[in-house]
Amino acid sequence: MRFIPATCEQRDEMLRAVGCESVDELFADVPGPALLNKELDIPHGFTEMELAAHLRSLAEANIPASRLVSFVGAGCYDHYIPSVVDHVISRPEFFTAYTPYQPEVSQGTLQAIYEYQSMICALTGMDVANASMYDGATAFVEAALMACRVTKRNKVLVLGMVNPEWLDVLGTYSDSGLFEIEATEADAATSAEQLRTLVGPDTAAILMTSPNFVGVLEDITGLAEVAHGAGALLVVGSNPILLGVIEPPGALGADIVVGEGQPLGSPMSFGGPGFGFFACRDKHVRQMPGRLVGRGVDVDGDTAYVLTLSTREQHIRREKATSNICSNHALNAMAAGVYLAAVGSEGLRSIATTSIARAHYLRDELIKTGKFTAPWELPFGNEFALVYDGDTAQMYDTMFDKGYIAGIVLETEEGEPDLVLFAVTEQRTRAQIDAFVREVQSL
Amino acid sequence: MSHPSDRVYSKDHEWVMVDGDIATVGISHFAQDQLGEVVYIELPESGDAIVAGDTFGEIESVKSVSELYAPVTGEIIEVNDALGDSPETVNSDPHGEGWMLKIRVADSAQVDDLMSSEEYDAFVTES
Amino acid sequence: MTSRANGVPSSVPSTGPRASIFDLGSPESRCVLAPDPDVPFDGLESLLGSAARIIPPTLPHVTELEIMRHYAHLAEMNFGVDSGFYPLGSCTMKYNPRINEDACRLEGFAGLHPYQPVHSVQGALALMVGLQEALGEISGLPAVSLQPAAGAHGELSALMCFRAAHTASGNPRSKVLIPDTAHGTNPASVAMCGYQTVTIPSNADGHVDLEALKAALDTDVAAFMLTNPNTLGLFDPQILEITAAVHEVGAFAYCDGANLNAILGITRPGDMGFDALHINLHKTFSTPHGGGGPGSGPICVTEPLAQFLPGPLPSRTEEGWYTLTTPQASIGRVRSFYGNFGVLVRAYAYVRALGSEGLKEVAEQAVLSANYLRVRLRDTFDLPYDTMCMHEFVLSGARQKSDYGVRTLDIAKRLLDYGYHPPTIYFPLLVEEALMIEPTETESLAELDAFADALIAIAQEAAETPDLVRSAPFSTPVRRIDEAAAARNPDLRWKPSITE
């Protein structure tokens, strides 16, 4: 396939216009030893029909979770995506546009993102949300960096039971030497008492997620008190679907709220692209990373939207910018805006409620089989961990062959029993849950 | 518009008007014109010490950020808080209501090193 | 969305009031509800206790039709590559092939969970390995990580690899050198990696001042970052000397791959002596920009740096299976999971559509089209670096500013009235009143000519009716925006109006 309209004759005409005999002359500045002078070792191009068949064959070499009865979550969830979402974001005026640097012809993107920002504020209970980050993990790191700027301190205290990938990403960024990390024990829940002795005058922030990696709802209010008592900020990672039914971190003392936005209308897509949401207090907005859309007026006094407070960003402040982020995940954020408009607060409540109720039902039924035991009794949302009494890996593989994804098996310390982490979305029916439990029982 | 002769100017485009040991500091008409519409100013707090040549704050237009450099050493005794709500005053009245700091000057010799309005006019014409 | 204007429009078209989505619909209207729990359930309060939310979030209440009309209205106010010519320099706004969009939506890709067993994702891993191999071949840097989410993220990831390699040799070093033509992400990434930025000037030809570079190089320099071709659209002919000088002090040479479109199949960063490169798949490899993202910023490095790459990385086993492994001295993850897979699918489809011969043709035509426009416009505007360019070139509006008081911003806004997206303006900082034009290979000769005619006509307007140009645009959904007022009193989220 080729997407080049120029004909041979036109090519010659253009070459003549620029005063070249051949295309090679265009590249005269490339020193001889650096010239490739051979064909790239890449297969010849396909026709569209061949390409379509090739891509289909690759896709069909996978067994997607969406075709199985899946109980796997751990940061990526198969919530239902209303049809309207993809229809909206497939409008080429949206998806073939660049960053809205020319606001006069970008009002669509700008207004959609402004409305997205407003919805994230509503969900999280915060004052201001940016136009998106890459994902939840990088938003979490950016929150740590922002807390260091706000407090002029350089140590963050992170709960050991946050998503291990987020913890890993935090560690990667801290190797820059810009901030230090202290992680608590990976307890199923962390109390304010446990943290009181760990915070100090150089603590910039306590970083937590609620629910945490094993689905447990943490004590945001208590941890906020500890953080604020030490002059530190509280950063909370949230699950945006659950925010339909659980108290927003903003109402409980959080200073920065972040999270993975994939559940809001982005397909799982093997883990990307989703997007990161990032929200904070008005008073800290100038330390915020990422783009912001504001509402103002044009010269005729009509409402108009525009990228604003840009002096925080890399293209202006360069090495002193609040972040190096340029491209973000705008289209996924826009999808989240469409998703939240499609479901509304009542729909979000029903999605969260059904997911949570069925998760609790699955947990109860699995424990009733006698093959699973509960490692703790703590409040949770739609995700929970159990101990399997038997060969966990074998159980997982057998269930996969039967068409189920039995959550994920968590790595634990040697000598500790394996934990299995289950997630339940509104897409899992009672019939599927009952059938899964019956199959597990019969193992 | 030329720069008023009742004060002196630094190469970083600040003006300084001295009354006894108190120096009032702002940015010049030329500087505000170069910046364009000022949207935000970050200033230090009253009581802070300030050293000639060091940055004491930032001034932002829509698409630029510039640092503000202290023209003299001393202690800040007053900050123009009104600029927080109306930074555009720096554009409309840079030599009057747009003042930024009042400093108790530690070394008056530093003031003598600054440029007169004629010297400053020549300086900006050259650059 | 806009019509091509000639002269002064007789009236300003009205697009009508644009309500916020929060102001549409009514509390009764809703679209999508989940089914009832259908399991024994005593209510949320019994499960969540004090964590239960008391006041529901204020979200829109709209019907599906209201949603479609709202966003249809917004779409009509937006300009994409499909709307018209989009010569935004350094952004490579080429056509986004539609088969790529179909491919990433196949259930076998879109329905994959990142924690499925490896045996159930063999097609996905094969695709990723295929893309890694292609990018390694194109860059001449064989080890590839597809994990970074965007160009700036790739820069940072590569700098982290450099830091890890230097640290392994005993000293992380403290400085990174960048030329004065660099994108803002370069110094920002340097700072995020804990290094100090040192700026290297350009010489009169717009290339790196080699003497200044050599003078700045010492054993405390961790790396030199260079965009080549650079942001003036020029290929630096000293490139082999530059990378050799960088290596002489044990530093790494980093290539910002934003401008890779110019050199596909012609020359390779690895062959120029670079140690690492990021590739913007959303530029060179045709994946759509989505109004700001998502992009994808894979990094390609030399074999010795492979051990530091962020992982896990897909690879092919000797038995012909695909697996995920993390390099032995990996810097760790730079984000969750394996990368923006949906974007990787599109880029892979593009590589396979074009093949080796098609990729080379892209570079040739992109460079030819840019040079054609350069020649057509060089008499009308100043051209500070009047030499053969690569895929883009930088004009200066200095003449129009000094002679007629018409700034580059005004020219850009007037282009909107002619139905074009303006070029990148005021960048690179080196050029006064810069207009950075990148036509890409997917525009026809007729489109290039029409665009050149428009710019020439605007230059004429600048001379004859400068107020017209200074007041543009007239035909866009909104006119020039009071950005200063928006920044002084930021309104960043919708709030219910007080009268309600």
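Given the structure is predicted, the values throughout are model-derived calculations rather than measurements. Lettering follows sequence order; numbering is per chain, from 1.
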Does the [X] side chain pair with the main chain of [Y], one donor and one acceptor, at a distance under 3.5 Å?
| X | Y | answer |
| --- | --- | --- |
| A/T172 | C/R333 | yes |
| C/R335 | A/D135 | no |
| A/Y114 | C/W494 | yes |
| A/S345 | C/L59 | no |
| C/Y86 | A/Y98 | yes |
| A/E115 | C/I21 | yes |

Which atoms form the tightest heavy-atom contact between [X] and [Y], and what is the distance?
| X | Y | value |
| --- | --- | --- |
| C/F337 | A/G271 | CD1-O, 3.4 Å |
| A/T354 | C/D36 | OG1-C, 3.7 Å |
| C/N78 | A/E93 | ND2-O, 2.9 Å |
| C/I481 | A/P103 | CD1-CB, 3.3 Å |
| C/L112 | A/M268 | O-CB, 3.3 Å |
| C/G108 | A/N62 | O-ND2, 3.0 Å |

Using non-hydrogen atoms only, which part of [X] is less than 4.5 Å away from chain A: side chain, backbone, both, or neither?
| X | value |
| --- | --- |
| C/V190 | neither |
| C/V375 | side chain |
| C/P473 | side chain |
| C/R105 | side chain |
| C/H421 | side chain |
| C/L234 | neither |
| C/S369 | both |
| C/T197 | side chain |
| C/A487 | both |
| C/M160 | side chain |
| C/M93 | side chain |
| C/P117 | both |
| C/Y115 | both |
| C/K413 | side chain |

Nearest 0.5 Å, please: how far is [atom2] in [Y] from [atom1] in [X]?
| X | Y | atom1 | atom2 | result |
| --- | --- | --- | --- | --- |
| C/S356 | A/L40 | OG | CG | 6.5 Å |
| C/N96 | A/F3 | CG | CZ | 10.0 Å |
| A/E319 | C/M192 | CD | CE | 14.0 Å |
| C/I266 | A/L35 | CD1 | CG | 8.0 Å |
| A/I113 | C/L74 | CD1 | CG | 10.5 Å |
| A/S176 | C/I331 | OG | CD1 | 11.0 Å |

Heavy-atom side-chain proximity of [X] to [Y] below 4.5 angstrom:
| X | Y | answer |
| --- | --- | --- |
| A/R11 | C/L368 | yes |
| A/R430 | C/P37 | no |
| A/Q102 | C/L88 | no |
| A/F94 | C/P288 | no |
| A/L58 | C/F109 | yes |
| A/S118 | C/F22 | yes |
| C/Q365 | A/M14 | yes |
| A/V245 | C/L44 | yes |

Is it true that [X] and [Y] have a side-chain N and a carboxylate O under 4.0 angstrom from each other?
| X | Y | result |
| --- | --- | --- |
| A/D302 | C/R18 | no |
| A/E104 | C/R479 | no |
| A/E247 | C/R53 | no |
| A/R295 | C/D491 | yes |

Specify which of [options] makes the most heavy-atom pairs with chain A at under 4.5 Å.
| options | answer |
| --- | --- |
| C/T58, C/V121, C/L127 | C/V121 |
| C/P294, C/P57, C/G355, C/G332 | C/P294 |
| C/A149, C/A126, C/A412, C/G358 | C/A149 |
| C/G290, C/P422, C/P35, C/A164 | C/G290 |
| C/M388, C/R352, C/Q116 | C/R352 |

Consider salt bridge (charged side-chain N to carboxylate O under 4.0 Å, His left out). Of C/E361, C/E364, C/E441, which one does A/R2 pass it with? C/E361

Among [options], which residue forms the greatest number of heavy-atom pairs with chain C at distances under 4.5 Å?
| options | result |
| --- | --- |
| A/E426, A/R349, A/R358, A/H315 | A/R358 |
| A/T429, A/I351, A/T353 | A/T353 |
| A/E39, A/E60, A/Q10, A/H360 | A/H360 |
| A/S132, A/A321, A/A74 | A/A74 |

Ignoring hydrogens and angles, state whether a donor on the side chain of [X] or [Y] is under 3.5 Å from an acceptor on the partner side chain.
| X | Y | value |
| --- | --- | --- |
| A/S66 | C/E107 | yes |
| C/T185 | A/N324 | no |
| A/H44 | C/E357 | yes |

What pairs with C/H70 under ring pair (Phe, Tyr, Trp, His ring centres under 6.0 Å), at least two apart in sequence or on another chain? none

Sorted by chain and residue number, the ring pair (Phe, Tyr, Trp, His ring centres under 6.0 Å) partners of C/Y71 (sequence neighbours excluded) come out as none

A/F270 ring center within less than 6.0 Å of C/Y338 ring center: yes

